[in-house]
Amino acid sequence: LEAAASPGALAAFGAFGGDGVFIDGDGVFGITPFAIPRGPVSSPIGGPAFELSAPSTRRNAARLLRAMQLPKPILLEGSPGVGKTSLVSALAKAAGHRLVRINLSEQTGPP
């Protein structure tokens, strides 16, 4: 995402319970207790639709939002097809950020 929350920029949004509650307003988007600043991109009509409300997806989104509280890069690893790119795409779209995807699969492999 183009912008991640600065450390300490998160206001108190209530206790974190279970899978968390969506936060969507006042210039922020997130899942309690983690939020990021809302970006300037409005959701386009059409394009792929994403769903963040499934329990495992919501937990993974909350983990990613938690990692975004630090001003450091995030590396997602896992087998092909498990949803890493889809999760980041869904969060970017929901939070109003432009996503730039760089595929390095042609650049990696056995030495």
Worksheet item: Sequence neighbours excluded, which residues qualify as side chain to side chain donor-acceptor pair (under 3.5 Å) partners of Arg63?
Response: Asn60
Practice prompt. Considering non-hydrogen atoms only, spot the tightest contact between Gly20 and Thr32 and give its length.
Written response: CA-OG1, 3.6 Å
Fill in: For Glu51 against Thr57, the heavy-atom pair lying closest together
O-CG2, 3.7 Å
Discussion item. Main chain of Leu91, side chain of His97: is a donor-acceptor contact present, judged purely on distance under 3.5 Å?
Written reply: no
Worksheet item: Can you name the closest pair of heavy atoms from Ile23 and Ala35 and give their distance?
Response: CD1-CB, 4.2 Å
Fill in: Any pair counted as salt bridge (charged side-chain N to carboxylate O under 4.0 Å, His left out), so long as it reaches residues 20-37, sequence neighbours left out
Asp24-Arg38
With a cut-off of 3.5 Å and sequence neighbours excluded, list every side-chain donor-acceptor pair involving residues 70-84.
{"residue": "Lys84", "atom": "NZ", "partner": "Gly78", "partner atom": "O", "Å": "3.1"}
{"residue": "Lys84", "atom": "NZ", "partner": "Ser79", "partner atom": "O", "Å": "2.8"}

Response to the item:
Closest non-hydrogen contact found for Val41 with Arg98 is CG2-N, 3.9 Å
Fill in: Rounded distance [0.5 Å steps], CE in Met68 versus CD1 in Ile36
4.0 Å
Fill in: Closest non-hydrogen atom pair, Leu65 against Ile31
CD1-N, 3.6 Å
Item to complete: Grab the two heavy atoms, one from Ala62 and one from Phe34, that are nearest each other, plus how far apart they are.
Response: O-CD1, 3.8 Å
Worksheet, complete the sentence: Between the CG atom in Leu52 and the CZ atom in Arg59, the distance rounded to the nearest 0.5 Å is 13.5 Å
